[in-house]
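We number each residue from 1, following the sequence as shown. Computed from a predicted structure; not experimentally measured. The figures that follow rest on heavy atoms only: side chains count, while hydrogens, waters and symmetry mates do not.
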Amino acid sequence: MSPLPPLLPLPPYVKSLAVGAAMGFLFKEFLFSFSFCSGSSMYPTLALSGDVLFVEKIRLNQNPPLSKGEIITIRSPTTDSVLCKRILGLPGDVLLPGLNPGSFRTQILQIPEGMVWVEGDNKLTSTDSRHFGAIPLNLVRGRVLMRVWPPSRIRSFKPKPEGDDRNHQ
């Protein structure tokens, strides 16, 4: 069996493109990304359409990874879509969830370890933990740091204080 012929050297731009693509992929998957959120569930904090959010992924595995009041992106537990919601309960918290639209029942519940309770700021239109329950932490995709588009609405996001339902623009 004869040896394979030597490979031709790659032009420098091909190496640069490959390194750049690899770095971009790692940056997007493990550090930061941009996310589009649309719909009325987080209105008025987020617009009905057109908001582009800068999302941090790097600190999700630190302890404690998340705080009440933060806006996060999650993989929906019922569909294959990405949702923007606010954390209202962390593992061990005892909550009296808000009423589901059209329901008059409430129940006290404790958030299990490894789960979080999320709701949209617009309670009347949001499909959230009141519908699908607490979600596993592995469905959390990232923490929303700031809105970067449109330019007239650029702002950073900090957790809302507990019990504060006002919109912090």
Between I87 and the options I74, I72, V140, the side-chain contact (heavy atoms from CB on, under 4.5 Å) test singles out I72
Residues R75, D80: salt bridge by 4.0 Å N-O rule = yes
CD (E70) and CZ (R143) are apart, to the nearest 0.5 Å, by 4.0 Å
Exercise for the section: For the pair V94 and I108, evaluate side chain to side chain contact (heavy atoms under 4.5 Å, CB included) and give the outcome as yes or no after the intermediate values. Expected result: CA-CA 7 Å; V94 176; I108 295 174; 3.4 Å; yes
Does any part of the side chain of R86, heavy atoms only, come nearer than 4.5 Å to the side chain of M42, both counted from C-beta? yes
Taken to the nearest 0.5 Å, the spacing of S129 OG from L95 CG works out to 9.0 Å
_Just by distance, no angles: are the side chains of N122 and S41 close enough, under 3.5 Å, to form a donor-acceptor pair?_
no
d(F54 CZ, S35 OG) to nearest 0.5 Å is 12.0 Å
Those residues at least two apart in sequence (or on a different chain) that pass side chain to side chain donor-acceptor pair (under 3.5 Å) with S152 are none
*asked:* Counting C-beta onward and ignoring hydrogens, is there a side-chain heavy-atom pair between L139 and V116 closer than 4.5 Å?
replied: no
Correct closest heavy-atom pair for R153 and P44 would be NH2-O, 4.0 Å
Review point. Within the distance-only criterion (no hydrogens, no angle test), does the side chain of T73 pair as donor or acceptor with the backbone N or O of G142 below 3.5 angstrom?
Key: yes
Practice prompt. Salt-bridge test for D128 and K85: reply yes if a basic N is under 4.0 Å from a carboxylate O, no otherwise.
Written response: no
#### Entry: Any L109 side-chain heavy atom under 4.5 Å of W117 side chain
yes
### Check: I154 and M146 side chains under 4.5 Å, non-hydrogen atoms
yes
Heavy-atom closest pair (G120 atom, S126 atom, distance to 0.1 Å) is N-OG, 3.2 Å
**OP:** Evaluate the side-chain proximity of C84 to L53: yes if any heavy-atom separation is below 4.5 Å, no if none is.
**Re:** yes
Between the OG atom in S76 and the CG atom in L83, the distance rounded to the nearest 0.5 Å is 4.5 Å
Any side-chain heavy-atom pair of F132 and T127 under 4.5 Å | yes
#### Entry: Any donor-acceptor N or O pair under 3.5 Å, side chains S38, S49
no
Side chain to side chain donor-acceptor pair (under 3.5 Å) filter on D93, not counting sequence neighbours, yields K68
Less than 4.5 Å apart, any side-chain heavy atom of M115 and any of I135? no
So OH of Y43 and CG of D121: to nearest 0.5 Å the spacing works out to 12.0 Å
ask   = Considering only heavy atoms from C-beta outward, does the side chain of T45 approach that of I71 to under 4.5 Å?
value = yes
Discussion item. Can a donor-acceptor pair be found, under 3.5 Å and without considering hydrogens, that links the side chain of R130 to the backbone of K123?
Written reply: yes
